[in-house]
Amino acid sequence: SWHFQPLPALNDIAIAQAKAGNARKAKELFVQALATAKTVDHVIDRDATLKEIAWAQAKAGNFKKAFTAVKTLEEAIPFNPNLHPSHRNWALVGIAIAQAKAGEAKEAFATLKMIKDAGLLEVALRDLAIAQADAGYIKEAQDTLKMIKNVHDRASVLSSIKAGANKKR
């Protein structure tokens, strides 16, 4: 029952429209994607679809709409932290990374605080710091690095910070 397969294409087209400055068309496509997602019967598929919509909205810089997708995800499913937290949490990670790439570090950390999974939070901090370094926000990446406990995660962030610093020169 993959009747919702056009969603990745809708999301990609919406992102392209948003980046091209056609906000109205992008909004229409995201509304269409969200409406389609709500018709998906299988809970896990619907969760995954809504997560993808949140990521796409965030990539397009529509953070408010990205959070709307997360809220829809929470409302669409009888949210049980033991059953389906991963798509919600991963949606938040994607939003935080997009915020970091846009230079909105404070907002990104506020988004991460909404994640209820300590293990995922550690991964999210690593990914956030790498995104900051890749986007040229070296000081912010160094600040995020201080919050990372895992030695391997710290090493990959340090590598990204070094690469990002070399790119700036």
The single option from Val70, Ile95, Leu128, Ile97 that satisfies side-chain contact (heavy atoms from CB on, under 4.5 Å) with Thr111 is Ile95
Is Thr144 close to Phe109 at the side-chain level, that is, under 4.5 Å between some pair of heavy atoms?
yes
Find the distance between NZ (Lys106) and CD (Glu140) and round it off to the nearest 0.5 Å.
11.5 Å
Which pair of heavy atoms, one from Ala108 and one from Ala96, lies closest together, and at what distance?
CB-O, 3.4 Å
Determine the minimum heavy-atom distance between Ala66 and Ala58, stating which atoms define it.
CB-N, 3.8 Å
Val123 side chain near Trp90 side chain, heavy-atom distance below 4.5 Å
yes
Side-chain donor-acceptor contacts of residues 148-158 below 3.5 Å, not counting sequence neighbours, with atom names and distances?
unit_1	atom_1	unit_2	atom_2	d
Asn150	OD1	His152	N	2.8
Asn150	OD1	Asp153	N	2.8
Asp153	OD1	Arg126	NH1	3.2
Arg154	NH1	Leu145	O	2.8
Arg154	NH1	Ile148	O	3.2
Ser156	OG	Asp153	O	3.1

Find the distance between CG (Asp134) and NZ (Lys101) and round it off to the nearest 0.5 Å.
7.0 Å
Nearest heavy atoms of Ala129 and Ala141, plus distance in Å:
O-CB, 3.4 Å
Are Val93 and Trp55 close enough, and set up right, to give a side chain to side chain contact (heavy atoms under 4.5 Å, CB included), and what steps lead you there?
CA-CA 9 Å; Val93 171; Trp55 282 356; 5.5 Å; no
Between CE on residue Met147 and CD on residue Glu122, distance to nearest 0.5 Å
11.0 Å
How many angstroms lie between atom CD1 of Ile138 and atom CG of Asp143, to the nearest 0.5 angstrom?
11.5 Å
Contacts satisfying salt bridge (Lys or Arg N to Asp or Glu O under 4.0 Å) that involve residues 107-121 (not counting sequence neighbours) are none
Does the side chain of Leu92 reach to within under 4.5 Å of the side chain of Leu112, using non-hydrogen atoms?
no
